[in-house]
Structures are given as structure tokens and as C-alpha cells.
Amino acid sequence: MSVKFEKKSVFPFLEAAATRVKRDFEEYALFKRYDAGEVICWEGDECSYFYVIITGGVRVFKTGDNGREITLYKIAENDSCILTTFSILNRSPFSATSIAENDTIVVAIPRAVFREWINEYEEWRNYVFGLMSGHLTGILGKIESMAFQRLDERIAAFLLQSAPKDQRTIKITHSDIARELGTVREVVSRILKNFEREKLVSLSRGRITIINNRELSRCQGSYSMVG
């Protein structure tokens with residue numbers, strides 16, 4: 001697969017890396033493509049590759065015994081998966097499921113090579129641990145919000161974070177929000193109806209439009225769910 005990408009932006013450590021590091025990277029790094037909706041790794045699988053996304057995006061989620069999903073995090077361009085890293089380093093099964101949200105191309109490093117580079121190359125080790133640190137902070141933040149925020153507050157925050165830049169309409173369903181936050185659609189719909197009655201949002205099929213950005217922002221820590 002022939003793919004062009006800027007190595008310095010995806011792998012910044014390569015710019016100042018030793019010649020042997022760059023040589024090994026050129027030899028072992030390969031491209032993989034995943035179609036939108038394609039599962040990259042099932043829960044319980046062994047991770048064969050460490051990957052960094054070049055284009056596209058990946059959702060990593062857990063599924064409960066009742067079939068309910070919760071999104072742990074999403075991976076965008078120039079980023080990688082912390083659970084994949086843990087799985088490879090610990091030689092343990094992948095503890096979630098990852099799926100391509102849209103057509104996705106990644107640079108993949110075979111797991112044996114990945115572990116070898118961790119031991120041999122400080123540049124690679126620092127790069128990987130930097131990625132892990134960033135994702136760990138995000139996961140801890142999500143755990144904190146689930147533990148200490150009411151669901152109405154979390155939905156308000158989710159809507160504000162999901163709105164495209166300089167736009168107020170989000171293309172998303174109530175079921176999608178429930179899946180992202182680990183709850184059920186009926187509860188999400190009830191809270192959104194409350195927001196609509198308060199003239200904070202406008203609801204339509206597959207779309208939510210933020211009407212009052214300022215008041216919705218206040219809801220992140222002060223909204224009381226009704227009904």
C-alpha cells in the first residue's frame with residue numbers, strides 16, 4: 001500500500017533519531033487499512049501490532065453482559081491506543097474492542113519489534129510512554145466524571161465537546177450518546193427533552209442543535225434533572 005504522510009508530525013522522534021533507528025523504522029513499519037465499521041481488535045484477542053493512525057479514527061469501547069456499550073476513548077490522527085500498548089507490553093489479551101469509525105489507515109509495528117525497540121531505543125521508549133501518559137489522563141478524567149457527575153451534567157458536557165467548531169448542530173442520535181456515555185437511550189432522551197423545554201437545545205431526527213451555549217455550559221455543573 002502506497003501512502004504518503006509527514007513522518008515528522010506522526011513520529012516526531014524520528015527527526016533527531018539515530019540512523020539505525022530510522023533504518024529499522026523503514027524496514028519494519030508497514031501500512032494497514034481498515035474500512036469504516038471494521039473491527040480492529042476484539043476483546044480477548046492478542047494484539048499483533050502497535051499502530052499510529054495516519055488518517056481516519058478509531059473508537060475503543062467496552063461491552064457489558066447486558067449488551068450496553070461505553071466508549072472508553074477515541075483515537076484520532078497521529079495518535080495510538082493505550083490499551084494496545086499495555087496488551088503488547090504485558091503480553092496480555094486486549095481488554096476492550098476497537099473499531100474503525102471511518103476509513104482508516106495506520107502505520108503498524110509488529111509486536112515483537114515494538115517490544116524490542118522499547119528495550120533498545122530511548123527515543124522510541126519516550127515517544128510511546130508520552131502517548132500512554134496523555135491517554136491515561138483522559139481515561140482518569142472519564143472515570144472521574146462517571147463517579148462524580150450526574151448524567152445530565154455529562155450529557156451537557158458531551159454536547160458542548162461534540163459540537164463542530166463554529167457550528168451548533170451535532171449529527172448524532174440519542175442511542176449514539178447513550179453508547180458514548182454508558183447508559184440507556186430512554187434516559188438520554190428524557191434529559192434531552194428537559195434541555196429542549198429549557199430552550200437549551202433543539203431536537204430533530206439524528207440532529208441536536210445547541211440554542212443557548214452559555215446556559216448549557218452552566219449545566220455541566222448545575223443542572224438538576226427533572227422527571
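No experiment lies behind these values; they were computed from the predicted model shown. As a basis for the values below, the full set of heavy atoms in this structure was taken, side chains included, without hydrogen atoms, waters or symmetry mates.
Salt bridge Lys74/Glu101: present, at least one basic N to carboxylate O contact under 4.0 Å. The existence of a salt bridge linking Arg33 and Glu38 is excluded, since no basic side-chain nitrogen approaches an acidic carboxylate oxygen closer than 4.0 Å. Salt bridge absent: Glu26 and Arg23 never bring a charged side-chain N and a carboxylate O closer than 4.0 Å.
In summary, the side chains of Thr71 and Arg59 do present a donor paired with an acceptor at a separation below 3.5 Å, with no hydrogens or angles considered.
Two residues are said to be in side-chain contact when any heavy atoms from C-beta on lie closer than 4.5 Å; Glu215 and Glu198 fail this criterion. Contact annotation: the side chain of Phe11 approaches that of Phe25 to within less than 4.5 Å [non-hydrogen atoms, C-beta and beyond]. By the 4.5 Å heavy-atom criterion applied to side chains, Ser95 and Ser87 are not counted as neighbours. Residues Tyr49 and Arg111 fail the side-chain proximity criterion, which asks for heavy atoms closer than 4.5 Å. Between Leu89 and Ile118, some side-chain heavy-atom pair lies under the 4.5 Å cut-off. At a threshold of 4.5 Å between non-hydrogen side-chain atoms, the residues Ile172 and Phe158 count as touching. In this structure, Thr97 and Val39 have side chains that are in contact, with non-hydrogen atoms separated by less than 4.5 Å. Counting heavy atoms from C-beta outward, Tyr73 and Leu83 have side chains that approach closer than 4.5 Å.
Residues Phe61 and Ile40 do not share a hydrophobic cluster, defined by chaining ILVMFWY side chains whose heavy atoms lie under 4.5 Å apart. Clustering ILVMFWY residues whenever any of their side-chain heavy atoms sit less than 4.5 angstrom apart, transitively, puts Met146 in a cluster other than the one holding Leu160. Cluster membership check: Ile54 does not share its hydrophobic cluster with Leu30, using side-chain heavy-atom separations under 4.5 Å among Ile, Leu, Val, Met, Phe, Trp and Tyr. Linking Ile, Leu, Val, Met, Phe, Trp and Tyr whenever their side-chain heavy atoms come within less than 4.5 Å puts Phe195 and Leu203 in one cluster. Criterion: ILVMFWY side-chain heavy atoms under 4.5 Å apart, direct or through other members. Under it, Val106 and Ile99 are not part of a common hydrophobic cluster.
Although no hydrogens or angles enter the test, the distance criterion places no donor-acceptor pair under 3.5 Å between the side chain of Asp45 and the main chain of Phe94. Between the Arg168 side chain and the Ile211 main chain, a donor and an acceptor come within less than 3.5 Å of each other. Judged by distance alone, the side chain of His174 and the main-chain N or O of Val184 form no donor-acceptor pair under 3.5 Å. The backbone N or O of Ala100 lies less than 3.5 Å from no partner atom in the side chain of Thr104, so there is not a single donor-acceptor pair. Here the side chain of Thr85 pairs a donor or acceptor atom with the backbone of Cys81 at under 3.5 angstrom. Panel note: side chain Asn102, backbone Gly57; a donor-acceptor pair is recorded below 3.5 Å. Proximity of a side-chain donor or acceptor of Ser133 to a complementary backbone N or O of Phe129 within less than 3.5 Å is not detected.
Listed here is the closest heavy atom pair of Ile70 and Gly182: CB-CA, 3.6 Å. For the residue pair Ile210 and Ala163, the shortest heavy atom distance occurs at CD1-CB, 4.1 Å. Taking every heavy atom of both residues into account, Val52 and Ser80 meet most closely at CG2-CB, 4.1 Å.
Residue pairs meeting the salt bridge (Lys or Arg N to Asp or Glu O under 4.0 Å) criterion with at least one partner in residues 112-123, sequence neighbours excluded, do not occur; the list is empty. Pairs engaging residues 86-100 under the salt bridge (Lys or Arg N to Asp or Glu O under 4.0 Å) rule: none recorded [sequence neighbours left out].
For Lys22, the NZ atom counts as densely surrounded, since its 6.0 Å shell holds more than 12 non-hydrogen atoms of other residues, nucleotides or ligands. By the neighbour-count criterion of 12 heavy atoms within 6.0 Å, atom OH of Tyr28 is sparsely surrounded, having that number or fewer from other residues, nucleotides or ligands. More than 12 non-hydrogen atoms from other residues, nucleotides or ligands lie less than 6.0 angstrom from CZ of Arg125. Annotation: Asp65, atom CG; neighbour count of heavy atoms from other residues, nucleotides and ligands within 6.0 Å does not exceed 12.
Within the model, atoms CG of Leu192 and OG of Ser202 stand 11.5 Å from one another, a figure rounded to the nearest 0.5 Å. Between the CG atom in Asp176 and the CD1 atom in Ile170 there is a gap of 11.5 Å [rounded to 0.5 Å]. Put simply, OG on Ser162 and CD1 on Ile155 are 11.5 Å apart, with the number rounded to the nearest 0.5 Å. A distance of 13.0 Å separates OG1 in Thr209 from CG in Leu200, rounded to the nearest 0.5 Å. We find the CD-OG distance between Glu46 and Ser92 to be 9.5 Å, quoted to the nearest 0.5 Å. The CG atom of Leu131 sits 9.5 Å away from the CD1 atom of Ile82 when rounded to the nearest 0.5 Å.
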(request) Kindly determine whether Arg154 and Glu180 satisfy salt bridge (Lys or Arg N to Asp or Glu O under 4.0 Å), including the steps that lead there. (result) CA-CA 11 Å; Arg154 292 170 57 206; Glu180 291 293 323; over 6 Å; no
(request) Take Ile177 and Leu159 through the test side-chain contact (heavy atoms from CB on, under 4.5 Å) and record every step on the way to the result. (result) CA-CA 9 Å; Ile177 297 175; Leu159 293 176; 4.1 Å; yes
(message) With side-chain contact (heavy atoms from CB on, under 4.5 Å) as the criterion, how do Ile53 and Asp79 come out once you've worked through the C-alpha distance, each side chain's angles and the decisive distance to 0.1 Å?
(response) CA-CA 6 Å; Ile53 295 176; Asp79 206 351; 5.9 Å; no
(request) Under the side-chain contact (heavy atoms from CB on, under 4.5 Å) rule, what do Thr183 and Val188 come out as? Steps first, then yes or no, please. (result) CA-CA 8 Å; Thr183 184; Val188 170; 3.6 Å; yes
(message) Let's go through Ser98 and Tyr51 carefully: what are the C-alpha distance in whole Å and the side-chain angles of both, what is the deciding distance for side-chain contact (heavy atoms from CB on, under 4.5 Å) to 0.1 Å, and is it a yes or a no?
(response) CA-CA 12 Å; Ser98 58; Tyr51 62 86; 4.3 Å; yes
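Qualifying ring-ring contact (aromatic ring centres under 6.0 Å, His included) partners for Phe50, counting only residues two or more places apart in sequence or in other chains: Phe114, Trp124.
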